[in-house]
Amino acid sequence: MQPHIVVAGAGWAGISAAIHAVRRGARVTLVEERPYVGGRARSVLDKTANVMVDNGQHVMMGCYSDVLTVLNELGTTNFLERQRALQVIFAERGGTTAKLDASALPGKLGVVYGLLKMSGLSFAAKRDIIRLMVRIQRRVVQGSGRTCYELLRDEQQREAAITRFWEPVVLATLNMSVRSADADLLLTVMARAFLGSRDDAAMLIPRQGLSDLIDPIGPWLQRHGSVMQLSTSVDRLHTLPETTTTDASTHSTTLRVNRVVISDGTELDVDGVILAVPRKALDRLLQNSSIPIEFPDPPAQSPIVSVYLHYDRPWMPTDFAACLGTTIQWVFDKRRQRPGTVALTVSAGDNIVAATSDDIIKLADRELRDVFSQHMSAVQLTSGLVIKEKTATPAFTPVTARQRPPGDALRNPGIRRMNNAVNNVSLAGDWLDTGLPATLEGAALSGRRAVEILLGERLTGDRPS
Ligand SMILES: Cc1cc2nc3c(=O)[nH]c(=O)nc-3n(C[C@H](O)[C@H](O)[C@H](O)COP(=O)(O)OP(=O)(O)OC[C@H]3O[C@@H](n4cnc5c(N)ncnc54)[C@H](O)[C@@H]3O)c2cc1C
């Protein structure tokens with residue numbers, strides 16, 4: 001008989017889990033408490049210009065293989081624009097620009113050659129960066145509990161190289177400052193993306209809204225005999241004891257979830273459950289279900305502030321640029337969504353998240369005009385929108401990165417204070433221990449792994465009697 005899996009949460013982790021579970025022969029019920037899918041990566045209506053925008057500009061890279069698997073299934077990979085090779089413009093006040101262009105040579109050679117040709121850094125700084133890249137590539141550098149800044153200083157990186165090269169990379173990929181981010185995550189990003197093949201390093205920029213990429217999940221599930229329920233939360237898991245081990249000192253019961261209670265009161269019979277919800281929602285759900293587990297305290301959350309500025313006409317000279325020496329860090333031309341619209345990003349935006357939207361819009365417009373003065377003298381700002389995602393991603397420091405629980409944490413009695421393993425539940429989400437930063441790819445990978453964890457067990461249809 002076809003096993004029935006309930007997936008709680010239709011963010012990118014839950015969507016990935018649902019697709020993999022269906023592909024492995026399961027019947028899936030994907031349950032999402034909000035009226036839309038996508039979680040922290042979705043589109044919203046900007047009423048100031050009556051245009052759909054994303055809750056924050058998302059960028060993917062060629063090495064996002066789990067994300068690409070999901071989008072392939074949903075038939076939306078053609079909504080991504082793939083660079084031929086890594087190409088980034090760095091722009092600063094006064095109109096100075098530098099270009100990192102890795103297209104001249106294949107793979108990592110292209111990145112190295114592009115760095116050597118890039119202006120704005122001394123030859124010595126570029127040589128030091130390349131030396132460290134070679135060491136990363138050879139896997140002779142380890143994070144060893146250091147922050148990115150500590151590692152970079154220990155590896156003789158000059159301040160100019162840190163400020164003008166490493167800091168933008170860390171902010172964009174780890175959503176944290178170079179001074180607090182876990183160095184191992186930076187090493188992973190460098191090895192997988194920047195030092196991978198030419199395709200791995202190329203940036204993938206969505207040409208359509210994030211929701212357009214994943215909205216087909218509902219019809220996709222239906223076509224495969226499965227369902228999605230929006231505006232419905234998973235509220236409680238019913239467990240049954242499966243086996244009990246008792247010896248002189250320990251008494252442990254293995255549990256199995258047989259029913260899932262959702263917010264309309266329905267109780268769904270299940271063979272397996274994937275909880276693809278954020279950490280706080282998971283704690284609540286387990287508490288309601290009397291499943292005792294105590295994870296280490298969750299890490300702090302790092303905010304991302306996104307600003308959409310609508311000008312009276314298109315003006316950007318390039319598709320996107322990294323801004324140096326300004327509060328705004330990245331600017332993307334969104335003329336496809338609306339001519340004249342640009343999207344700005346401030347990662348690890350703790351320093352501006354408390355400011356008013358009006359002040360942030362004025363600051364962003366002023367900084368853009370400082371950086372792109374030749375292109376903006378005649379353009380008028382017509383409106384703007386600020387989106388503050390205060391819990392954009394978990395902040396993985398060298399300490400908290402080591403406390404990320406694995407996707408099989410509920411089945412693993414070794415996790416703190418847990419003596420009742422729950423056999424047929426696995427976890428997904430960007431906050432789990434995937435080895436990757438909290439990104440779309442980390443989320444999609446965790447979803448696939450959650451299915452693999454369940455499949456290792458009884459998911460082949462032998463429902464307990
Ligand atoms: C502004 C911003 C910019 C970003 N930029 C990038 C980027 O450029 N590149 C990149 O790779 N990543 C980026 N990220 C990170 C990326 O968006 C996240 O890592 C990813 O979306 C997390 O997905 P998830 O499925 O793990 O979690 P979530 O998206 O949080 O999904 C969890 C889902 O569970 C639902 N839920 C909670 N409780 C229940 C319940 N009891 N029952 C049912 N449903 C429930 C929630 O409503 C939610 O939909 C960015 C994030 C933000 C906020």
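What you see below is based on every heavy atom in this structure, not just the backbone, and it leaves out hydrogens, waters and symmetry mates. Since the model is a prediction, treat every value here as computed from it, not as a measurement. For ligands, and for the atoms within them, numbers begin at 1 and follow the listed sequence.
For the pair T232 and ligand 1, the shortest N or O to N or O distance does not fall below 3.5 Å. Looking at E441 next to ligand 1, no N or O pair under 3.5 Å apart turns up. Polar contact check, N55 against ligand 1: no nitrogen or oxygen pair lies under 3.5 Å apart. Taking only nitrogen or oxygen atoms, main chain and side chain alike, L285 does not reach within less than 3.5 Å of ligand 1. Considering backbone and side-chain N/O of E33, one or more are found under 3.5 Å from N/O of ligand 1. Not one N or O of A10 is nearer than 3.5 Å to an N or O of ligand 1, by distance alone.
Only the side chain of E389 comes within 4.0 Å of ligand 1, judged by heavy-atom distances. Under 4.0 Å from ligand 1, not a single heavy atom of W431 appears. Looking at A281 against ligand 1, only its side chain comes within 4.0 Å, counting heavy atoms. Heavy atoms of I304 found under 4.0 angstrom from ligand 1 belong exclusively to the side chain. By the criterion of a heavy-atom distance under 4.0 Å, neither the backbone nor the side chain of S446 is placed next to ligand 1.
Distances below 4.0 Å separate heavy atoms of G56 from the following atoms of ligand 1: 1 (C). Atoms of ligand 1 lying under 4.0 Å from at least one heavy atom of G39, given by number and element, are 29 (O), 48 (C), 49 (O). Residue Y64 has at least one heavy-atom neighbour below 4.0 Å for each of these atoms of ligand 1: 9 (N), 10 (C), 11 (O). Per-residue contacts place P278 under 4.0 angstrom from the following atoms of ligand 1 (heavy atoms of the residue considered): 30 (O), 32 (C), 34 (O), 37 (C). Shown in contact with R34 at under 4.0 Å from a heavy atom are these atoms of ligand 1, numbered in order with element: 47 (O). Residue contact check: A41 has heavy atoms under 4.0 Å from atoms 17 (O), 21 (O) of ligand 1. Residue A438 approaches ligand 1 through these ligand atoms, each under 4.0 Å from one of its heavy atoms: 15 (C), 19 (O).
The closest approach between a heavy atom of V234 and any atom of ligand 1 is below 4.0 Å. At least one heavy atom of Q57 sits under 4.0 Å from some atom of ligand 1.
Between L410 and L286 there is a side-chain heavy-atom pair separated by less than 4.5 Å. The side-chain heavy atoms of V273 and V422, taken from C-beta on, include no pair separated by under 4.5 Å. Residues L237 and N288 are not in side-chain contact: their nearest non-hydrogen atoms beyond the backbone lie 4.5 Å or more apart. At least one side-chain heavy atom of V331 sits under 4.5 Å from a side-chain heavy atom of F372. With a 4.5 Å cut-off on side-chain heavy atoms, V307 and I328 do not count as touching. Residues T391 and K280 are not in side-chain contact: their nearest non-hydrogen atoms beyond the backbone lie 4.5 Å or more apart. You'll find the side chain of S263 reaches within 4.5 Å of the side chain of T232, heavy atoms only. A heavy-atom distance below 4.5 Å is not found between the side chains of V88 and P168.
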In residues 6-22, what donor-acceptor pairs under 3.5 Å come from side-chain atoms, sequence neighbours left out?
unit_1: W12; atom_1: NE1; unit_2: A41; atom_2: O; d: 3.1
unit_1: S16; atom_1: OG; unit_2: A444; atom_2: O; d: 2.7

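In this structure, F295 and W431 have perpendicular ring planes: the angle between them is above 60°, well past the 30° mark.
Shortest contact from atom 53 (C) of ligand 1 to any protein heavy atom: A392 CB, 3.5 Å. Of the protein's non-hydrogen atoms, L440 N, 3.4 Å is the one closest to atom 12 (N) of ligand 1. Regarding atom 31 (O) of ligand 1, its nearest protein heavy-atom neighbour is G11 CA, 3.5 Å. In this structure, atom 23 (O) of ligand 1 lies nearest to the protein heavy atom A443 CB, 3.6 Å. For atom 18 (C) of ligand 1, the closest non-hydrogen atom of the protein is D430 OD2, 3.5 Å. In terms of protein heavy-atom proximity, atom 9 (N) of ligand 1 is nearest to V59 O, 3.0 Å. With hydrogens left out, the protein atom closest to atom 25 (O) of ligand 1 is A13 N, 3.0 Å, a heavy atom.
Taking the charged nitrogens against the carboxylate oxygens, R42 and E389 do have a contact shorter than 4.0 Å, which makes a salt bridge. By the 4.0 Å N-to-carboxylate-O rule, R40 lies close enough to D430 to be salt-bridged with it.
Crowding of Q222 atom CD: a count of heavy atoms from other residues, nucleotides or ligands under 6.0 Å not exceeding 12. Remark: E267 CD is packed, more than 12 non-hydrogen atoms of other residues, nucleotides or ligands lying under 6.0 Å away.
When the heavy atoms of G429, G9, A276 are ranked by distance to atom 32 (C) of ligand 1, first place goes to A276. Nearest residue to atom 28 (P) of ligand 1 from M61, R42, R40 is R40 (criterion: closest heavy atom). Residue V277 holds the heavy atom nearest to atom 45 (C) of ligand 1 of all those in V277, T173, V37. Between Q229, E32, H58, R236, it is E32 that holds the heavy atom closest to atom 46 (C) of ligand 1.
No hydrogens or angles considered: a donor-acceptor pair under 3.5 Å links the side chains of Y311 and D365. Side-chain N/O atoms of T327 and E367 include a donor and acceptor closer than 3.5 Å.
Heavy atoms only, all atoms of each residue included: S302 and M176 are closest at OG-CG, 4.4 Å.
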Check against side chain to side chain contact (heavy atoms under 4.5 Å, CB included), V37 and M228: CA-CA 10 Å; V37 301; M228 179 168 79; 3.6 Å; yes

